J.: 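This structure is in structure tokens; I'll ask about it shortly.
Bear in mind the structure is a predicted one, so any value in this text is a computation, not a measurement. Remember, it's 1-based here, ligands and their atoms both numbered in the order they're listed. The analysis underlying the following values was restricted to heavy atoms, covering all of them including side chains, and did not include hydrogens, waters or symmetry mates.
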Amino acid sequence: MALSTERLGLFNPEKPMENRLTDLGPRHFWQYFPPIIQNNYGKWKYHEILEPGVLVHVSETGDKVFTVRCGGCRFMTVEHVREICDIADKHCDGYVRFTTRNNIEFMVDSQDKMEALKKDLASRKHVSGSFKFPIGGTGAGLTNIVHTQGYIHCHTPATDASSMVKAVLDELFDYFQGMTFPAQVRISMACCLNMCGAVHCSDIALLGYHRKPPIIDHEVIDKVCEIPLVIAACPTAAISPSKTEEGGKTVKIKEERCMFCGNCYTMCMAVPLTDKEGDCVTIMAGGKVSNRISPPKFSKVVVPGVPNNFPRYPEVCEAVKKIIEAYAANANKYERIGDWAERIGWERFFEKCGLPFTEHLIDDYRLAYDTYRTTSLFKYTDAAWAVSKVVEG
Ligand code: SF4
Ligand code: SF4
């Protein structure tokens, strides 16, 4: 087949842009800005949070933009998206935006429009009576919880994502609609340790956790899977070829090498690892991305092995509430959960939150040297003294 010399022409190094197709990829963001944002681009003087969920940005031209932020859900029905578009058409000349934490932001250019918008949003409810567009998630409050696909859409979850997030946010809804914390609190949720939800750097992170290696379906594995592919998929080389008693091809798994990542199941449905009893939820705390006051931090495991009690996860909700309430009552203004824990000492963090410290919480990752605490300072708490007394220290 010859190269086209007609529609696209030949590449001319002297004029590299000639005949070039430039409409690939996303369209330029400028055309999606509301006119007031376009007119005041680069001229914003300051912004304020007028009340939880409502911001005003003031321009040096005197223009003001009022933003109403509503918690959005990660999975939206077409009907729900249509309703969002209807609201945007009715109040915001068709413009709407989403934040990285799945919030929906409606922007208007006057206080009157903002009040009408707020009233409209508050009046829209699900049949169960809950808000379709709850206003909040700003400042020193609880931001919308981001999460991964869960049972709805992924094949390796150790727990569900949407239902857990709904259960936890139902418990903490007042914090979403208020700004009563010392600083903002971000909760994230990922339903397996592949963590496509990036929960490693949130104030509180909920993580679905497999604890048992995959079960091999010897009868079908040879028929439905490429065995070399399954073997190659394992990052710890735990899988090797094997034979069934009848002489059929299969695999075997060295269980002590398995880290329950589910990669093999991604390649082959005959090695499922979901397990009703084995799967659990792990709660981490103290992570953040922000550079304010202290550098970004990874979250640390604070509650391992919480039962995977679908669909309302009472044990998860209780543990999260304990951390949130202890933080709200004890931290200094502007301190994130990790900053607070480091100031008072992680020993005391566990006491304040009423969480037991167990050997499962000791970081024994082989590359963890950088994160070990190497200072000689130790915060003596009641629990620490108890240990000291036992060993006659
Ligand atoms: Fe799938 Fe794991 Fe991502 Fe959940 S966290 S959606 S199970 S890859
Ligand atoms: Fe290997 Fe992960 Fe499968 Fe375990 S779950 S056998 S570590 S690929």
J.: Does the ring center of Trp346 lie less than 6.0 Å from the ring center of Phe357?
T.: no
J.: In terms of atom number and element, which parts of ligand 2 are under 4.0 angstrom from non-hydrogen atoms of Ile239?
T.: 6 (S)
J.: Ring centres under 6.0 Å, that's the criterion: do Phe106 and Tyr95 meet it?
T.: no
J.: For ligand 2, note which part of Val271 has a heavy atom under 4.0 Å away: side chain, backbone, both or neither.
T.: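 Val271 to ligand 2: no contact under 4.0 Å from either part.
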J.: Less than 3.5 Å apart, any donor N or O on the side chain of Glu351 or Thr381 sitting next to an acceptor on the other?
T.: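 Glu351 vs Thr381: donor-acceptor pair found between side chains.
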J.: Can a donor-acceptor pair be found between the side chains of Lys254 and Thr236 at a distance below 3.5 Å?
T.: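 Absent: no donor and acceptor within the cut-off.
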J.: Ring centroid separation for His80 and Phe133, is it under 6.0 angstrom?
T.: yes
J.: With the 4.5 Å side-chain cut-off for hydrophobic clustering, are Tyr209 and Ile145 part of the same group?
T.: yes
J.: Can we say Arg343 and Asp339 salt-bridge, meaning some charged N sits less than 4.0 Å from an Asp/Glu carboxylate O?
T.: no
J.: What's the separation between atom SG in Cys268 and atom CD in Glu226, rounded to the nearest 0.5 Å?
T.: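 The SG atom of Cys268 sits 10.0 Å away from the CD atom of Glu226.
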J.: Could you tell me if Asn103 and Thr99 have a donor-acceptor pair between their side chains, going purely by distance under 3.5 Å?
T.: yes
J.: Does CD in Glu115 sit with more than 12 non-hydrogen atoms of other residues, nucleotides or ligands closer than 6.0 Å?
T.: yes
J.: Ignoring water, what protein N, O or S atoms are under 2.8 Å from atom 2 (Fe) of ligand 2?
T.: Cys261 SG
J.: Listing residue and atom name, which protein N/O/S atoms are closer to atom 4 (Fe) of ligand 1 than 2.8 Å?
T.: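 Listed by chain and number, the nearby protein N, O or S atoms are Cys191 SG.
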